[in-house]
*Asks:* 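Sharing a structure with you now.
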Amino acid sequence: MILHRRGKALPCLYHDIVINFTIQKMVKIVSRKSLGKQPVYDLGVAKDHNFLLANGTVASNCFNKSHSTAYAYVTYQTAYLKANYPVEYMAALLTASSGIQDKVDKYRENCQKMGIVVEPPDINRSEADFLPLSDKSLLFGLSAVKNLGQGAIENILKSREEGEFKSLANFCDRVELNKVNRRALETLIYCGAFDRIDSNRRQLIQDLDVVIAWAQKRTKERDSGQMNLFDMLGDNLTGDRTDRSFEQAPSTPAVEDFPLQEKLRLEKEHIGFYLSDHPLKSAYQAAQILSPIQLNNLTEQNSRQKVSAVVMLNAVKTITTKKGDPMAFLQMEDITGEAEGTVFPSTYEKLAPILQENNRLIVWGKVQKREERYQIIIDDAEPIEKVKMILFEITPEQASDKSKQVYLKQILQESQDTSKLKIPVVAVIGKGKNRQFVRFGQKFWIHDESQTINNLQKLGFRVYSQPLLSS
């Protein structure tokens with residue numbers, strides 16, 4: 001591209017562009033050189049114009065049209081790759097954005113929507129770039145792992161050429177710990193890079209200090225020419241030090257792994273998002289009977305429409321209104337995306353105890369569009385662990401009996417308080433594999449659990465209360 005002013009000669013750059021349009025690399029400029037000052041012409045000037053048409057008119061906007069054509073061609077290529085090579089395309093896209101956490105998270109979510117599994121990093125399989133594994137999966141690239149610089153990645157990959165790492169101790173013994181430092185090791189453990197070797201992340205973190213000290217001592221001994229009998233025997237038998245040296249490593253007393261929620265919290269803290277699982281995954285699957293919306297579909301809901309959503313609170317900001325009443329603004333996420341929530345003073349006092357970061361909630365409220373952004377005005381909320389359902393068994397004959405329908409409707413309406421509706425009612429029709437679950441609309445939800453169960457039992461139904469999430 002030549003930048004110029006009308007009728008003047010300006011320095012001109014000649015770009016030697018090498019196009020390597022593979023899946024993993026995009027176009028890049030590898031060299032450039034100056035051609036000095038040369039005469040150039042404005043495409044909109046008739047005099048000395050080098051784009052004069054046959055009828056004598058000036059070819060205006062040539063650059064704009066050619067530029068649009070080039071963009072259209074690149075768009076076609078991009079669409080073709082995404083449609084025909086989706087895993088390779090997303091691997092390339094993630095690799096190109098590996099230094100920008102928000103983009104990596106965004107494209108990882110896109111992979112999820114496309115049915116592509118992004119597997120956590122693995123010290124024995126991961127490369128610097130994201131790596132396609134199959135038609136439905138790709139492997140997280142080391143270049144996108146926080147606290148892991150280029151020098152550390154190169155050292156890990158070079159050390160791995162000797163053979164797979166067998167343990168944390170074997171890893172620390174073979175890499176250069178001044179390049180792969182403790183902070184990098186912690187991040188690799190928390191994000192699951194050692195899971196295929198030892199899935200107990202808490203044990204690995206607890207062993208880290210003694211293993212690092214042991215590996216550093218061995219490095220000093222090797223540098224000074226000192227080797228113990230075990231090392232020399234291992235070298236004579238195998239020709240290298242990768243197979244048995246780590247068996248000498250010290251360890252700490254055994255401990256249980258982190259609980260799942262804590263493991264995922266630490267994973268997000270150290271890598272920026274959830275990789276191995278999502279803390280809302282099981283809750284969201286169970287909550288489908290409540291018909292929650294997904295936060296990435298919030299824009300598709302009508303304004304002021306009542307909705308429910310299964311969310312995790314990422315941030316809670318409490319403020320005081322001019323009247324002195326507290327209220328809160330929430331940053332929420334689910335397995336599909338993020339959204340904002342607002343809790344006005346009229347409901348804040350009731351919900352304040354559960355409005356804590358990392359809490360998993362079911363929220364009820366209304367959709368509101370504000371400055372081109374959608375949010376949920378929250379009327380009520382409940383910790384996902386405390387949500388219950390009323391299930392009652394009913395035969396097909398009872399379901400079609402109009403008198404039973406009238407009594408059933410009357411019982412449910414008697415157990416209602418429109419300001420406290422939280423417990424959904426589900427009918428179980430039939431038995432065994434032929435069972436069908438029918439969720440009653442929210443206008444038939446109830447708040448008095450014991451009263452509803454007693455009244456339904458009197459009517460002859462088998463009724464029981466069940467938590468939404470099983471322990």
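Start at 1 with the first residue, then count along the sequence.
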*Asks:* Quick one: does Thr252's side chain get under 4.5 Å of Gln203's, heavy atoms only?
*Replies:* yes
*Asks:* Please give me the minimum heavy-atom distance between Arg360 and Pro279, naming the atom from each residue.
*Replies:*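 Reported closest heavy-atom pair: NH1-O, 2.8 Å.
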*Asks:* Please report whether the ring centroid of Tyr464 lies less than 6.0 Å from that of Phe392.
*Replies:*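 No, they do not, as the ring centres are separated by 6.0 Å or more.
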*Asks:* Ring-plane angle category for Phe140 and Phe273, please: parallel below 30°, perpendicular beyond 60°, tilted otherwise.
*Replies:*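 Phe140 vs Phe273 ring planes: tilted.
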*Asks:* Run the side chain to side chain contact (heavy atoms under 4.5 Å, CB included) test on Cys111 and Val117 for me, step by step, so that the C-alpha distance in whole Å, both residues' side-chain angles and the decisive distance to 0.1 Å come before the verdict.
*Replies:* CA-CA 7 Å; Cys111 286; Val117 176; over 6 Å; no
*Asks:* Checking side chain to side chain donor-acceptor pair (under 3.5 Å) for the pair Thr95/Ser98: CA distance, chi angles, key distance, verdict?
*Replies:* CA-CA 5 Å; Thr95 297; Ser98 59; over 6 Å; no
*Asks:* Nearest 0.5 angstrom please: Met389 CE to Ser465 OG, how far?
*Replies:* 8.5 Å
*Asks:* Do Asn170 and Arg174 come close enough that some side-chain heavy atom pair is under 4.5 Å?
*Replies:* yes
*Asks:* Compare all side-chain heavy atoms of Glu338 with those of Leu295 and state whether any distance is below 4.5 angstrom.
*Replies:* no
*Asks:* For Glu176, does its backbone N or O pair with a side-chain atom of Asn155 as donor and acceptor, under 3.5 Å?
*Replies:*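 The answer is yes, because a donor-acceptor pair under 3.5 Å joins these two groups.
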*Asks:* Within the distance-only criterion (no hydrogens, no angle test), does the side chain of Asn84 pair as donor or acceptor with the backbone N or O of Tyr80 below 3.5 angstrom?
*Replies:* yes
*Asks:* Who pairs with Gln216 by side-chain hydrogen bond (donor to acceptor under 3.5 Å, both in side chains), at least two apart in sequence or on another chain?
*Replies:* none
*Asks:* Would you say Glu393's side chain and Val463's backbone share a donor-acceptor pair under 3.5 angstrom?
*Replies:*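 Not at all, since once roles are kept as given, no pair shorter than 3.5 Å links the two residues.
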*Asks:* Under the 3.5 angstrom rule, does the side chain of Asn110 hit a backbone N or O of Lys113 as a donor-acceptor pair?
*Replies:*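 No, Asn110 side chain to Lys113 backbone: no donor-acceptor pair under 3.5 Å.
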*Asks:* Less than 4.5 Å apart, side chain to side chain, heavy atoms only: is that true for Glu269 and Tyr190?
*Replies:* no
*Asks:* How long is the gap from CD1 on Ile123 to CZ on Phe194, to the nearest 0.5 Å?
*Replies:*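 The distance works out to 4.0 Å.
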*Asks:* For Arg182, is the CZ atom crowded, meaning more than 12 foreign heavy atoms sit under 6.0 Å from it?
*Replies:*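 Check passes, neighbour count above 12.
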*Asks:* Are Lys263 and Asp277 ion-paired here, with the side-chain N under 4.0 Å from a carboxylate O?
*Replies:*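 Not counted as a salt bridge, because no side-chain N and carboxylate O are separated by less than 4.0 Å.
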*Asks:* Answer yes if the side chains of Glu109 and Thr336 hold a donor-acceptor pair under 3.5 Å, and no otherwise.
*Replies:* no
*Asks:* Quick one: closest heavy-atom pair of Ile354 and Pro383, and the distance?
*Replies:* CG2-CG, 3.8 Å
*Asks:* If you compare all heavy atoms of Leu139 against all heavy atoms of Pro120, which two are closest, and at what distance to 0.1 Å?
*Replies:* CD1-O, 3.3 Å
*Asks:* Any donor and acceptor pair, going by atom type alone, linking the side chain of Thr219 with main-chain N or O of Ala215 inside 3.5 Å?
*Replies:*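 Yes; judged by distance alone, with no hydrogens or angles, the pair exists.
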*Asks:* Please give me the minimum heavy-atom distance between Ser167 and Ile197, naming the atom from each residue.
*Replies:*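 Heavy atoms of Ser167 and Ile197 come nearest at CA-CG2, 3.6 Å.
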*Asks:* Could you go through Ile153 and Leu148, starting from their C-alpha distance and side-chain angles, then the distance that decides it, and tell me whether this counts as side chain to side chain contact (heavy atoms under 4.5 Å, CB included)?
*Replies:* CA-CA 7 Å; Ile153 295 173; Leu148 203 62; 3.9 Å; yes
*Asks:* Give a yes or no answer on whether the side chain of Asn181 reaches the backbone of Ala184 with a donor-acceptor pair at less than 3.5 Å.
*Replies:* yes
*Asks:* Hey, mind stepping through Leu330 and Ile378 against side chain to side chain contact (heavy atoms under 4.5 Å, CB included) and telling me if it holds?
*Replies:* CA-CA 10 Å; Leu330 313 178; Ile378 297 173; 3.4 Å; yes
*Asks:* Once rounded to the nearest 0.5 Å, what's the spacing between atom SG of Cys191 and atom OH of Tyr274?
*Replies:*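 Rounded to the nearest 0.5 Å, the SG-OH separation comes out at 15.0 Å.
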*Asks:* Please check if atom NZ in Lys386 has more than 12 non-hydrogen atoms from other residues, nucleotides or ligands closer than 6.0 Å.
*Replies:*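 Counting neighbours around NZ of Lys386, 12 or fewer heavy atoms of other residues, nucleotides or ligands fall under 6.0 Å, so no.
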*Asks:* In terms of heavy-atom contacts, does NZ of Lys106 have more than 12 from other residues, nucleotides or ligands at under 6.0 Å?
*Replies:* no
*Asks:* Yes or no on salt bridge (Lys or Arg N to Asp or Glu O under 4.0 Å) for Arg125 and Glu164, after CA distance, side-chain angles and deciding distance?
*Replies:* CA-CA 9 Å; Arg125 297 187 301 154; Glu164 287 192 351; over 6 Å; no
*Asks:* What I want to find out is whether Arg202 reaches Glu256 closely enough, with some N-O distance under 4.0 Å, to be called a salt bridge.
*Replies:* no
*Asks:* Can you name the closest pair of heavy atoms from Asn200 and Asp198 and give their distance?
*Replies:* N-OD1, 3.0 Å
*Asks:* Show, in sequence, the C-alpha distance, side-chain angles and deciding distance for Lys268 and Asp105, and conclude whether the salt bridge (Lys or Arg N to Asp or Glu O under 4.0 Å) test is met.
*Replies:* CA-CA 11 Å; Lys268 183 175 183 180; Asp105 193 19; over 6 Å; no
*Asks:* Measure the shortest side-chain to side-chain distance between Val428 and Ile394 over non-hydrogen atoms and say whether it is less than 4.5 angstrom.
*Replies:*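 They are not in side-chain contact.
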*Asks:* Look only at the side chain of Asn302 and the backbone of Gln305, and say whether a donor-acceptor pair between them is shorter than 3.5 Å.
*Replies:* no
*Asks:* Walk me through it: do Val175 and Phe171 pass the test side chain to side chain contact (heavy atoms under 4.5 Å, CB included)?
*Replies:* CA-CA 6 Å; Val175 301; Phe171 181 87; 4.0 Å; yes
*Asks:* The test is salt bridge (Lys or Arg N to Asp or Glu O under 4.0 Å); show your working for Asp379 and Lys306 and say whether it passes.
*Replies:* CA-CA 10 Å; Asp379 300 325; Lys306 291 184 178 181; over 6 Å; no
*Asks:* Are the side chain of Gln206 and the backbone N or O of Pro253 linked by a donor-acceptor pair below 3.5 Å?
*Replies:*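 Present.
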*Asks:* Quick one: pull up OG1 in Thr342 and CE in Met327 and give me the separation to the nearest 0.5 Å.
*Replies:* 5.5 Å
*Asks:* Side chains of Gln301 and Ile293: closer than 4.5 Å at any heavy-atom pair?
*Replies:* yes
*Asks:* If the test is salt bridge (charged side-chain N to carboxylate O under 4.0 Å, His left out), which one of Asp195, Asp257, Asp207 qualifies with Arg201?
*Replies:* Asp195
*Asks:* Is the shortest heavy-atom distance from the side chain of Leu185 to the side chain of Leu177 under 4.5 Å?
*Replies:*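 Result yes, sub-4.5 Å side-chain heavy-atom pair found.
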*Asks:* Sub-3.5 Å donor-acceptor pair from the side chain of Thr347 to the main-chain atoms of Val343, do we have one?
*Replies:* no
*Asks:* Please determine if Glu186 and Arg183 form a salt bridge, counting it only when a charged side-chain N lies under 4.0 Å from a carboxylate O.
*Replies:* no
*Asks:* Please evaluate residues Lys388 and Glu382 with respect to the criterion salt bridge (Lys or Arg N to Asp or Glu O under 4.0 Å), reporting the C-alpha separation (whole Å), side-chain torsions for both, the decisive distance (0.1 Å), and the verdict.
*Replies:* CA-CA 10 Å; Lys388 295 182 178 180; Glu382 187 80 28; over 6 Å; no
*Asks:* If you measure from CH2 on Trp214 to OG on Ser251, what distance do you get to the nearest 0.5 Å?
*Replies:* 11.5 Å
*Asks:* Hey, what do you get for CE (Met90) to CZ (Arg108), rounding to the nearest 0.5 Å?
*Replies:* 11.0 Å
*Asks:* Do other residues, nucleotides or ligands put more than 12 heavy atoms under 6.0 Å from Glu385 CD?
*Replies:*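 For Glu385, atom CD is crowded (more than 12 foreign heavy atoms under 6.0 Å).
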*Asks:* Would you mind reporting whether Met312 and Glu357 have side-chain heavy atoms less than 4.5 Å apart?
*Replies:*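 They are not in side-chain contact.
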*Asks:* If you take all heavy atoms of Lys146 and Thr187, which pair is closest and at what distance?
*Replies:* O-CG2, 3.2 Å
